[in-house]
Amino acid sequence: MYLCLFILCYVLPYYAQPQAKVLSLPLVINTWPFTNATKKGWEVIYTNKGSNLDAVVAGCTECEQQQCDGSVGFGGSPDETGETTLDAMIMDGDTHDVGAVGDLRRVKNAIGVARAVMDHTENTLIVGESATRFAIEMGFKEESLATNSSLAEWKKWKMSNCQPNYWKNVVPDPKTHCGPYTPEHSQLLRDRDFKKPVSRLNHDTIGIIVIDDKGRVAAGTSTNGLTFKIHGRVGDSPIMGAGSYASNEAGAAAATGDGDIMMRFLPSFNAVTMLANGMSVDEAAKRSIQPIIRYYPKFVGAVIVANVSGDYGAACHGLKSFHFSVRVKEMSDVTVVEVPCI
Ligand code: GLY
């Protein structure tokens, strides 16, 4: 009798109550072991008590200046004309304001220009030469994004008959074996397997999420896209819901990988929607990638996810594992976390 009363009064209420979660905010998390970017973001949000948007810009700018893995910023991923072009976006989870640039030419600080689109226009995405014109108007410097190494890489590719490339169902110029290409509809060419150069090494977008100590969320991306991409190609990174997505109601997500495929599935938007429905960060990350694999079993990419309580996680496919960088107060420095892929 006394035992029953004890269980009813003391033991059951303890188990019925949700355990109070120790919030660990602010939080900075970004794709890949781009730890200097995480450090910069942390410096802004924690040390300098700056805003989450400023921290996103600082993290991505650091990677743009350091040419992280050659896949962010100037001097990497020359397109088929030898030019490096940039994609970037930033999203404020408080207001759902977004600024983005695609196929930005001759301006190094793509994330800065994306922020200017958000801060100084009612528009969302500006592309190509028009994005360059906008950037110059906003005070950004116009300069070549080519380097000796990006030009050497491009020349070597030209010498190899512009292979591999991203064209399909076309015939190259018979003299150059490169462009201009003409459409070809014969079954023979349709079935030919054009080799595509998608790999970890030419797909290392920085995607970053910053949540401040009030749970306010921001996210962003910056990349120079695919090596030897078709001139004018824009990837997933500046597409909201694909490259990244942020909402104070749930959290944020950011993606890296084969953007031509990812933008068909909006994995970042899906992950945040799943967080809003109460799913854990790990599960939301996994489930945002699963529909992609059903259609594209060879897909290579990853998604990082964080919720407004400060939980974070990631999921990936097509690699052995994926590394992301993270910093919260409890860590003495930026930590690189490895997750096995599904
Ligand atoms: N995820 C980078 C790109 O495909 O452009």
Side-chain angles (χ1 to χ4, degrees), residues 30-32 34 37 56 59-60 63-64 67-81 83-91 100-105 110-111 113-114 125 127-128 131 145 150 164-167 196-209 219-245 252-271 285 288-289 292-293 295-296 298-305 314-319 322-324 341:
N30 60 261
T31 53
W32 304 109
F34 298 155
V56 165
C60 289
C63 246
E64 288 169 354
Q67 304 167 280
C68 282
D69 266 3
S71 318
V72 185
F74 68 101
S77 308
D79 71 9
E80 60 180 10
T81 71
E83 186 174 3
T84 293
T85 62
L86 308 177
D87 296 341
M89 73 163 277
I90 184 164
M91 180 161 186
V101 282
D103 185 28
L104 175 69
R105 299 170 186 181
I111 190 70
V113 183
L125 170 63
V127 301
L145 303 187
S150 71
N165 64 47
Y166 292 94
W167 291 88
K196 293 190 176 63
V198 173
S199 76
R200 179 208 175 277
L201 289 176
N202 66 6
H203 258 294
D204 290 350
T205 309
I206 178 166
I208 186 166
I209 298 167
T221 59
S222 183
T223 184
N224 53 30
L226 281 176
T227 310
F228 312 130
K229 63 192 172 189
I230 293 170
H231 194 53
R233 179 261 189 193
V234 172
D236 63 311
S237 302
I239 308 298
M240 41 296 323
S244 72
Y245 198 75
T256 177
D258 188 338
D260 288 295
I261 290 178
M262 278 191 294
M263 71 165 90
R264 301 168 192 176
F265 294 86
L266 302 181
S268 296
F269 174 75
N270 276 337
S288 72
I289 281 186
I292 306 180
I293 307 164
Y295 288 86
Y296 299 97
K298 291 182 186 162
F299 164 72
V300 179
V303 176
I304 55 167
V305 179
C316 54
H317 187 264
L319 306 161
F322 168 70
H323 294 82
F324 64 84
C341 290

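Given the structure is predicted, the values throughout are model-derived calculations rather than measurements. In each ligand, atom 1 is the first atom listed, and ligand 1 is the first ligand listed.
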Exercise for review: Please confirm whether the backbone N or O of Gly73 pairs with a side-chain atom of Asn224, one donor and one acceptor, at under 3.5 Å?
Suggested key: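 Pair found, side chain donor or acceptor close to backbone of Gly73.
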Check your understanding: Excluding sequence neighbours, so at least two apart, what forms side chain to side chain contact (heavy atoms under 4.5 Å, CB included) with Glu80?
Key ->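 Expected list: Trp157, Trp167, Tyr181, Ile230, His231.
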Of all the atoms in ligand 1, which lie at a distance below 4.0 Å from a heavy atom belonging to [X]?
{"X": "Thr205", "result": "1 (N), 2 (C)"}
{"X": "Arg233", "result": "3 (C), 4 (O), 5 (O)"}
{"X": "Ser237", "result": "1 (N), 2 (C)"}
{"X": "Gly257", "result": "1 (N), 2 (C), 3 (C), 4 (O)"}
{"X": "Gly225", "result": "5 (O)"}

Review point. Is any side-chain N of the basic residue among Asp258 and Lys298 closer than 4.0 Å to the acidic one's carboxylate O?
Key: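 Salt bridge between Asp258 and Lys298, a charged N being under 4.0 Å from a carboxylate O: no.
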Check your understanding: Listed by chain and number, what are the ring pair (Phe, Tyr, Trp, His ring centres under 6.0 Å) partners of Phe299, not counting sequence neighbours?
Key ->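 Applying ring pair (Phe, Tyr, Trp, His ring centres under 6.0 Å) to Phe299 gives none.
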Practice item. For ligand 1, indicate whether the residue Met263 contacts it via side chain, backbone, both or neither (heavy-atom separation under 4.0 Å). Key: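 For Met263, there is no contact with ligand 1 at all, from either part.
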Point to revise | Side-chain donor-acceptor pair present, Ser237, Asp87, cut-off under 3.5 Å | key: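 There is no such pair (donor and acceptor under 3.5 Å, judged by atom type) between the side chains of Ser237 and Asp87.
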Review point. Is it the case that Tyr296 and Arg264 place a side-chain donor and acceptor less than 3.5 Å from each other?
Key: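 Yes, side-chain donor-acceptor contact under 3.5 Å.
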Check your understanding: Counting both backbone and side chain atoms, is some N or O of Thr256 under 3.5 Å from an N or O of ligand 1?
Key ->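 No, since none of the N or O atoms of Thr256 sits under 3.5 Å from an N or O of ligand 1.
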Review point. Hey, does Met262 come in under 3.5 Å of ligand 1, counting only N/O atoms on both sides?
Key: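 By distance alone, the answer is no.
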